[in-house]
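The structure appears right after this line, and notes come after that.
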Amino acid sequence: MTSVFEYAPAPESRSIVDIAPSYGLFVDGEFTAGQGTPLTTVNPATEEVLSEIAVGTDADVDRAVRAARKAFTRVWGPMRPADRGKYLFRIARLLQERAREFAVLETLDNGKPITESRDVDVPLAAAHFFYHAGWADKLDHVGLGAAPRPHGVAGQVIPWNFPLMMLAWKVAPALAAGNTVVLKPAETTPLTALLFAEICQHADLPPGVVNIVTGAGDTGRAVVEHPDVDKVAFTGSTEVGKQIARAVAGTQKVLTLELGGKAANIVFDDAPVDQAVEGIVRGIFFNQGHVCCAGSRLLVQESVHDEVIASLQRRMGTLRVGDPLDKNTDIGAINSREQLARIRELVGIGEAEGAHLWQPAGELPERGNWFKPTVFTDVSPAHRIARDEVFGPVLSVLTFRTPDEAVAKANNSTYGLSAGIWSEKGSRILSIANQLRAGVVWANTFNQFDPTSPFGGYKQSGHGREGGRLGLRAYLKES
Amino acid sequence: MSDRLAVRKTYKLYLGGKFPRSESGRTYSVTDAKGAFVANAAWASRKDARDAVVAARGAFAGWSTATAYNRGQVLYRVAEVMEGRAAQFADEVAAGEGLSAAKARAAVDAAVDRWVWYAGWTDKLASVLGGTNPVAGPFFDFSVPEPSGVVAVLAPQRSSLLGLVSVLAPVLATGCTAVLVSSHERPLPAITLSEVLATSDVPGGVANLLTGSAAEIGPWLAEHADVDGIDLAGAGTAAMELERSAAGTLKRVLRAPAEEPDWTADPGLTRMTPFLETKTVWHPIGV
């Protein structure tokens, strides 16, 4: 397909960010050296090394947990709740003030389009702090009786797909409830968390309330398994989630897990096709499909299959893959070589199992990690690409004839994080929404998030919720 | 005193609304608190546990989609029928737990009242735990609690009736279905309760009772892929191993305190929320 017209490049300037050649661990209010062998973080769009990142060892994690414990006992726990709230309001404002800087840095480190980091990730991160700031002095109303108590030290491990936003989802409720935090950012995307450490300093947040320990899986394991951590919150793969659930078994640690998904996005024959196609695109190609709640299984009613797929392919032909800093870009870089290899492997399996692959024409940049938006038709429910989370811009299309069949196929998954419904009929939407075994159901929309709205999965997509009163409750216990 | 010879009862399992013996053919002796023989109870096997899970899964669709009002009435009906058999329960509790008649009767009364309490919760959970969310955009967004699915309940080992009801009733109130493993040494109140359930409009399969050994059956239930949650109340020293095993399928786990708690205390929502999911639904607002 030829493009109707060409866009002139519209790059966002990267001069707004100032990346240091190396970063230490943020422990007890200061940047300190890590004892592990440093790793490098890379711009996945160019493979340029952005910075050298300290790696926290068991001893470093222990130091961070001790700082968090001390801050919990002496400062953050005893503090007037309204003052805790004021610190969080400060952080929300500081994030808003430096929003563009965070957006550019996120795009450099993660590879996501600047329009998404600018319009979704960073504003939502600030909103999470603003929302939870208001809770800090109203905890009697969360539904755990009068004067509920924080757990103590929260150990939090977050993924690379929404680095700053996941930080906000974890840190804001923890602090509002009166806990202190040891956070382990993802190995490939630590930079916005380290810039957030500077925000904590500028907010005069007491030392030790937030500690950020960078590193890879071993560092995360040390955080989760540290005996003086009271609350564990993890977002990431179901496989690691199971390891964590096993590791905390028999302890008093309270656990929240946000894990994988394989969401069904169900299109009924009465749905307006153009709107549904926009929703399908938003569902699977948002953030390169690196979204646990991505609408990666399209269930389309048989009678409109050909029309929907033709329209979808036409729309996919207009998606622009390339420089994440370009404001015209729709699909940015795949976050890492490892993830690109996994996507390629599963796509190869999809072809080998007999599904029909389609990608739009067009060139990909020579350097960096890229994958074209991809749709598989003729997919059977038994295919790996219909069951496994690809975590990339790859859509699997299945069909159904009746609403009952749609529900049965949608629920035929070990996951249960999210789902989509496209229909003009209100009673049908409510009926299908009732029957879907998924924690978030988007009807005639997809991939919407808000700090007031609980998010989290059924089945092996994890347990516990983030956002809203329920999300906050996970950081509190009855007194 | 009458010289009529009593008709004794054969105690069996309760699976899918029926009262089978263990497929294994095994039984074990149940004694009273002083060690005297009382009855033989069925010793449930791994296959009985799997049958119970199948029955519970089969009943889940109907029970979880029954109206909250209907579930409340059914649970209240359990209290009504139980009240009518209070004397029998009191005898079994007194014998099994070695309590005085008055204390046993108090435990039975508390157990009946607990059903009433949970019966009243069914149609209030959604308004207490759910609601609309004021999102920053043109969307109507609401959250509702929904039952997790099939829950394995390892009943307390000591409190054979009040403890048992205190772990079973909340699971049923949420809309989950249950596979219950009774106290090993004190199973008789559980078996009598299953007869109450069978005559209280509780659909077959909603609650299934296995007598025998939680130590033997627990591991199968903890790793069973079609079990969504597990209450470790009666797991004892096996609790940690069972929790590790449950992690393999990311079950919802309700841990047990080191010592069996005081079951007369107000339980709040703590035994229901672990087996409730939250579903959040978004829809655009526009013309």
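What you see is a predicted model; the values in this text were computed from it and never measured.
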Quick one: donor-acceptor pairs between chain A and chain B, under 3.5 Å, side chains and backbone, table format.
unit_1: A/Lys242; atom_1: NZ; unit_2: B/Gly248; atom_2: O; d: 3.1
unit_1: A/Val248; atom_1: O; unit_2: B/Arg255; atom_2: NH2; d: 3.3
unit_1: A/Gly250; atom_1: N; unit_2: B/Glu243; atom_2: OE1; d: 3.1
unit_1: A/Thr251; atom_1: O; unit_2: B/Arg255; atom_2: NH1; d: 3.0
unit_1: A/Lys253; atom_1: O; unit_2: B/Arg255; atom_2: NH1; d: 2.7
unit_1: A/Lys253; atom_1: O; unit_2: B/Arg255; atom_2: NH2; d: 2.9
unit_1: A/Ala433; atom_1: O; unit_2: B/Lys279; atom_2: NZ; d: 2.5
unit_1: A/Asn434; atom_1: O; unit_2: B/Lys279; atom_2: NZ; d: 3.1
unit_1: A/Leu436; atom_1: O; unit_2: B/Lys279; atom_2: NZ; d: 2.5
unit_1: A/Arg437; atom_1: NH1; unit_2: B/Pro147; atom_2: O; d: 3.2
unit_1: A/Arg437; atom_1: NH2; unit_2: B/Pro147; atom_2: O; d: 3.1
unit_1: A/Arg437; atom_1: NH2; unit_2: B/Ser148; atom_2: O; d: 2.8
unit_1: A/Gly439; atom_1: O; unit_2: B/Thr280; atom_2: N; d: 2.8
unit_1: A/Val441; atom_1: N; unit_2: B/Thr280; atom_2: O; d: 2.7
unit_1: A/Val441; atom_1: O; unit_2: B/Trp282; atom_2: N; d: 2.8
unit_1: A/Ala443; atom_1: N; unit_2: B/Trp282; atom_2: O; d: 2.9
unit_1: A/Asn444; atom_1: ND2; unit_2: B/His283; atom_2: NE2; d: 3.0
unit_1: A/Asp450; atom_1: OD2; unit_2: B/Ala136; atom_2: N; d: 2.8
unit_1: A/Ser453; atom_1: OG; unit_2: B/Asp141; atom_2: OD1; d: 3.3
unit_1: A/Ser453; atom_1: OG; unit_2: B/Asp141; atom_2: OD2; d: 2.9
unit_1: A/Pro454; atom_1: O; unit_2: B/Thr280; atom_2: OG1; d: 3.0
unit_1: A/Gly457; atom_1: O; unit_2: B/Arg252; atom_2: NH2; d: 3.2
unit_1: A/Tyr458; atom_1: OH; unit_2: B/Glu146; atom_2: OE1; d: 2.6
unit_1: A/Lys459; atom_1: O; unit_2: B/Arg252; atom_2: NH1; d: 3.1
unit_1: A/Gly462; atom_1: O; unit_2: B/Arg252; atom_2: NH1; d: 3.3
unit_1: A/Gly462; atom_1: O; unit_2: B/Arg252; atom_2: NH2; d: 2.8
unit_1: A/Arg465; atom_1: NE; unit_2: B/Thr278; atom_2: O; d: 3.0
unit_1: A/Arg465; atom_1: NH2; unit_2: B/Thr278; atom_2: O; d: 2.8
unit_1: A/Arg469; atom_1: NH2; unit_2: B/Val128; atom_2: O; d: 2.7

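Neither the backbone nor the side chain of B/Ala239 comes within contact range of chain A; no heavy atom of the residue lies under 4.5 Å from a heavy atom of that chain. Of the two parts of B/Val144, neither the backbone nor the side chain holds a non-hydrogen atom closer than 4.5 Å to a non-hydrogen atom of chain A. No part of A/Phe446 comes within reach of chain B, as not one of its non-hydrogen atoms sits under 4.5 angstrom from that chain. Contacts of B/Leu129 with chain A are made by both backbone and side-chain atoms, with heavy-atom separations under 4.5 Å.
When each of A/Gly457, A/Ala443, A/Gly416, A/Gly250 is checked for heavy-atom pairs under 4.5 Å with chain B, A/Ala443 comes out on top. For the options A/Gly462, A/Gly456, A/Gly143, heavy-atom pairs under 4.5 Å to chain B are most numerous at A/Gly462. When each of A/Ile429, A/Leu257, A/Leu259, A/Leu436 is scored by its heavy-atom pairs under 4.5 Å with chain B, the top score falls to A/Leu436. The most heavy-atom pairs under 4.5 Å with chain B, out of A/Gly439, A/Ala245, A/Gly467, come from A/Gly439. The greatest number of non-hydrogen atom pairs below 4.5 Å with chain B, out of A/Ala433, A/Ala127, A/Gly464, A/Pro451, is found for A/Ala433.
The environment of B/Phe60 atom CZ is dense: over 12 non-hydrogen atoms of other residues, nucleotides or ligands sit within 6.0 angstrom.
The shortest distance between side-chain heavy atoms of A/Pro159 and A/Phe234 does not fall below 4.5 Å. Side chains of A/Leu139 and A/Leu472 form a contact here, defined as non-hydrogen atoms less than 4.5 Å apart. The closest side-chain heavy-atom distance from B/Leu15 to B/Leu210 is below 4.5 Å. Looking at heavy atoms from C-beta onward, B/Val227 lies out of side-chain contact with B/Val151 at the 4.5 angstrom threshold. Between B/Leu276 and B/Leu125 there is a side-chain heavy-atom pair separated by less than 4.5 Å. B/Leu180 has its side chain out of reach of B/Leu154: every pair of non-hydrogen atoms, C-beta onward, lies at least 4.5 Å apart. Contact check for A/Val441 versus A/Ile421: side-chain heavy atoms found under the 4.5 Å cut-off. Contact check for A/Arg118 versus A/Thr115: side-chain heavy atoms found under the 4.5 Å cut-off.
Scored by the side chain to side chain contact (heavy atoms under 4.5 Å, CB included) test, B/Ala111 finds B/Met82, B/Leu161, B/Leu162, B/Val165 as partners (sequence neighbours excluded).
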